[in-house]
Protein chains: 4
Amino acid sequence: MSSTRIPVRRLEPRKLPQQARSQTTVEALLEAAAQVFERHGYAAGTTNRIAERAGVSIGSLYQYFPNKDAILVALVHQHLAESMAALQPQLERLCGGAGFDDVLPDIVHAMVALHALAPGLHRVLFEETQLPPGLRAELDDLEDQLVEQAAVAVADDPRWRPIDPRLSARVVISVIEGLTHRLVLRPPSGVTSEAIAREIIELVRAYIWTRHDTGD
Amino acid sequence: MSSTRIPVRRLEPRKLPQQARSQTTVEALLEAAAQVFERHGYAAGTTNRIAERAGVSIGSLYQYFPNKDAILVALVHQHLAESMAALQPQLERLCGGAGFDDVLPDIVHAMVALHALAPGLHRVLFEETQLPPGLRAELDDLEDQLVEQAAVAVADDPRWRPIDPRLSARVVISVIEGLTHRLVLRPPSGVTSEAIAREIIELVRAYIWTRHDTGD
Amino acid sequence: MSSTRIPVRRLEPRKLPQQARSQTTVEALLEAAAQVFERHGYAAGTTNRIAERAGVSIGSLYQYFPNKDAILVALVHQHLAESMAALQPQLERLCGGAGFDDVLPDIVHAMVALHALAPGLHRVLFEETQLPPGLRAELDDLEDQLVEQAAVAVADDPRWRPIDPRLSARVVISVIEGLTHRLVLRPPSGVTSEAIAREIIELVRAYIWTRHDTGD
Amino acid sequence: MSSTRIPVRRLEPRKLPQQARSQTTVEALLEAAAQVFERHGYAAGTTNRIAERAGVSIGSLYQYFPNKDAILVALVHQHLAESMAALQPQLERLCGGAGFDDVLPDIVHAMVALHALAPGLHRVLFEETQLPPGLRAELDDLEDQLVEQAAVAVADDPRWRPIDPRLSARVVISVIEGLTHRLVLRPPSGVTSEAIAREIIELVRAYIWTRHDTGD
DNA sequence: GATGAATGAGTATTCATTCAT
DNA sequence: GATGAATGAATACTCATTCAT
């Protein structure tokens with residue numbers, strides 16, 4: 001009779017690789033997981049396939065990840081870190097007084113570039129799977145922070161005085177995120193990612209312009 | 001959607017129900033499938049559960065659907081039909097000469113209403129699962145048609161003469177679809193679906209206004 | 001991402017077989033499980049082996065038992081039922097006024113016969129595995145009832161007036177149970193099960209005789 | 001004990017620790033194993049857990065024990081040694097002419113004390129696992145020796161002349177061992193280990209008294 | 001000698017699908 | 001037409017054991 005444990009599901013990596021060798025293994029696993037999930041989707045991306053593609057035994061996979069979900073979570077965290085690295089500089093420019101108008105293109109281009117790299121994987125990461133509540137909350141928090149910063153930046157801009165900066169900011173963020181996903185992950189034929197970025201920028205500009213108090 | 005192989009796989013309903021009783025059974029199955037997929041997701045929504053909830057034996061389910069994917073496909077078709085039914089009148093108004101400005105709100109409201117009904121199901125139908133290529137193409141075709149119609153309507157509008165009607169139309173459609181999904185399926189806290197619709201409308205209006213040739 | 005259910009572990013049979021065919025399957029499975037556990041022990045008695053020996057697919061096993069433990073539980077219940085069936089008549093004789101001295105031999109013989117049938121299985125059922133708390137409690141309850149009945153019977157016996165009937169009864173039950181297990185499940189060489197029964201009877205008789213208030 | 005196959009399998013410690021450090025390691029491993037088996041049972045007591053708890057790498061564990069079973073065997077031997085150490089003096093008293101009646105209480109108390117120390121471990125050692133045949137035989141031999149000695153002692157006792165000293169001795173040993181296990185490892189609520197010892201002593205006394213030739 | 005990364009056969013369990021009744 | 005018992009390939013995951021460093 002198996003003992004009745006309390007099944008607390010861990011999602012953090014199981015142990016930190018200490019030797020150089022294992023560091024390599026973990027990286028190979030994450031890389032393999034990204035490819036496998038991208039090609040097969042999450043459900044059909046089996047742990048055995050991931051291990052195989054990583055050139056590693058299934059046992060090694062489970063030495064570093066307590067379960068399949070943990071791999072996904074690690075991938076999401078990786079993406080988050082990359083996103084922050086790409087966005088942080090722009091946000092600092094914004095807070096440093098640069099005009100929203102100037103920063104916007106860079107933000108959008110960064111977002112588009114970020115997603116264009118491995119569109120299938122992003123689909124899996126953010127659409128196909130139901131992320132665990134903790135991670136979901138983490139992402140939502142992050143977005144809220146972005147919204148907050150954007151709201152402040154937009155409110156400060158002397159030329160644009162939006163009536164409801166918070167809502168405007170939320171829509172702006174959603175538009176950027178939503179359209180990037182929509183257009184980059186499933187690009188309509190005959191539309192370059194360059195054109196996509198351009199249109200997103202125009203869209204946001206137009207929206208903000210409309211939503212402000214012209215003071216007339 | 002599970003398989004990556006390319007076996008010969010039928011996705012059409014196995015046989016058309018001819019008697020009233022069968023008709024009822026099929027409807028019960030689709031309704032049950034919608035509920036089960038909404039609650040459990042596609043992968044965890046087992047055919048046995050669907051059959052059980054439909055009050056029908058698993059054997060009967062397979063009498064009408066050759067496999068699990070076929071149920072999903074039927075559900076997508078159903079959704080498509082409903083969408084068309086909701087959108088067609090507006091499109092006809094558009095083609096009949098009504099101003100895009102007038103029709104836009106109705107379109108957006110229709111879209112939002114369509115998705116607000118069973119958000120979880122829509123997530124499953126359009127995000128969680130990798131639709132079979134044929135269906136995917138079908139959906140894309142449909143969207144292309146919408147784009148085409150919208151392009152014509154926008155181009156015809158005497159007050160708005162967009163520089164690239166086709167691209168503008170595509171963006172408009174994507175914005176409506178993308179934001180509806182993004183905002184309705186995972187609504188930010190404190191934002192009503194009414195507000196969402198309003199902002200989408202504003203967004204599109206602003207964009208079109210910007211994108212036109214003012215003739216100055 | 002798999003949905004996070006609350007893992008309540010069921011141990012009851014999964015569904016009651018409704019057709020005659022499945023009744024047969026369940027019986028074959030239990031019989032096979034008894035043999036497999038007896039030969040290999042619980043841990044090494046795999047579900048696949050059980051299914052194979054039952055001449056049934058592994059899927060069928062899980063159609064009737066939600067997990068491996070449930071099979072063990074069913075086996076214990078089966079044994080319990082058989083034990084009660086064998087013991088009940090004697091207990092009724094006891095309560096009906098028959099002398100403890102007369103009934104004792106029959107009880108011991110019944111116990112020995114019960115265990116001599118599949119000793120290895122009983123070892124697995126009651127020694128090797130840590131039974132789930134509910135079942136453990138059930139067994140303890142049963143034993144407590146036996147103790148209670150024995151205590152009453154012994155107390156009533158005019159010839160035996162034990163000082164502490166409850167404790168004496170407990171020891172008597174434990175002796176019968178403990179020695180049956182010890183001697184039947186791992187019989188010393190050269191001792192027949194007949195001799196074992198005889199000695200157990202003597203032991204209990206001597207004990208009770210000693211433990212009574214001689215009234216001197 | 002897992003394997004049912006009969007591979008060539010070493011169960012002796014792999015190498016005798018020669019340096020003081022190694023001696024310490026082996027002791028730490030056995031101590032850890034005892035704790036881990038007591039807490040988790042044999043099957044769930046993994047070698048990695050044992051090594052971890054011993055503060056030793058898994059590699060080191062296998063330096064001293066060829067496999068998991070060998071650890072169990074070592075533990076059994078350890079227990080045997082302790083048992084002999086506790087029992088030997090009493091047996092010598094017996095052979096030295098002390099009355100069985102006088103020695104019995106000390107034997108029983110020694111047995112109870114021995115088992116009360118780590119009941120869970122004893123359950124694992126002697127009930128949960130199917131000991132390898134060699135060890136099983138070793139244990140049985142030991143018991144036979146005890147029986148022999150007891151038989152001689154009992155036969156010699158001028159006051160007790162049992163009809164079949166060998167059988168009586170066997171029953172006595174079994175009673176002591178069986179009831180100790182039964183009552184110490186799974187004590188009925190409300191019964192102290194002191195009371196248990198007392199009742200076992202009484203039981204054996206009564207039995208021997210009954211089983212002797214009164215000479216009438 | 002010690003370490004711990006790597007291994008992979010083996011385990012319980014699920015679920016889409018078939019087919020005898 | 002309907003039923004539901006039966007199937008078994010496939011999956012996530014474990015753990016005793018090895019061996020390069």
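FYI, side chains are in, hydrogens and waters are out, and symmetry mates aren't considered; it's all heavy atoms of this structure. Bear in mind the structure is a predicted one, so any value in this text is a computation, not a measurement. Throughout, a chain's letter reflects where its sequence line sits, starting with A, and its residues are numbered from 1.
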Given E/dT7, E/dT3, F/dT3, the nucleotide with the shortest approach to the side chain of B/Ser57: F/dT3
A/His77 side chain reached by A/Leu135 side chain, heavy atoms, under 4.5 Å: yes
D/Tyr64 OH to F/dT17 P, straight-line distance once rounded to whole Å: 18 Å
Interatomic distance, A/Asp69 atom CG to A/Gln130 atom CD [nearest 0.5 angstrom]: 11.0 Å
Spacing between B/Phe37 atom CZ and E/dC15 atom P, to the nearest angstrom: 13 Å
Nucleotide E/dA2, atom C1' - distance to CG of D/Leu29 in whole Å: 13 Å
Member of D/Leu125, D/Val124, D/Leu121 meeting the side-chain contact (heavy atoms from CB on, under 4.5 Å) criterion with D/Glu38: D/Leu121
Side chain to side chain contact (heavy atoms under 4.5 Å, CB included) between A/Tyr64 and A/Ile71, intermediate numbers included: CA-CA 9 Å; A/Tyr64 297 104; A/Ile71 304 175; over 6 Å; no
Atom pair distance, as rounded to whole Å: CD1 in D/Ile50 and P in F/dA16: 8 Å
Nucleotide pairing, DNA chain F (Watson-Crick or G-U, distances under 3.5 Å), in dot-bracket with [ ] and |: .||||||||||||||||||||
Contact under 4.0 Å: C/Thr25 side-chain N or O vs F/dA6 OP1/OP2: yes
Side chains of C/Arg49 and C/Arg39 in contact at under 4.5 Å (non-hydrogen atoms): no
Under 3.5 Å, N/O pairs linking protein and nucleotides 11-14 of chain E:
unit_1	atom_1	unit_2	atom_2	d
E/dA12	OP1	C/Lys68	NZ	3.1
E/dA12	OP2	C/Thr47	N	3.1
E/dA12	OP2	C/Thr47	OG1	3.2
E/dT13	OP1	C/Arg9	NH2	2.7
E/dT13	OP2	C/Tyr62	OH	2.8
E/dT13	OP2	C/Lys68	N	2.8
E/dT14	OP2	C/Arg14	NH2	3.4

Nearest-angstrom distance from the residue atom CD of D/Glu52 to P of F/dA16: 13 Å
Whole-Å distance separating the CD atom of D/Gln63 from the P atom of E/dA2: 6 Å
Separation of atom CZ in D/Phe65 from atom C1' in F/dT18, rounded to whole Å: 18 Å
Step-by-step side chain to side chain contact (heavy atoms under 4.5 Å, CB included) determination, A/Phe65 to A/Val73: CA-CA 10 Å; A/Phe65 300 97; A/Val73 169; over 6 Å; no
Over 12 non-hydrogen atoms of neighbours within 6.0 angstrom of CD in D/Glu52: no
Phosphate-side-chain proximity, D/Ser60 and E/dT3, N/O vs OP1/OP2 below 4.0 Å: yes
CA sep, side-chain torsions, deciding dist, call: C/Glu128, C/Phe37, side chain to side chain contact (heavy atoms under 4.5 Å, CB included): CA-CA 10 Å; C/Glu128 181 179 333; C/Phe37 287 154; over 6 Å; no
4.5 Å side-chain heavy-atom contact, C/Leu72 and C/Leu131: yes
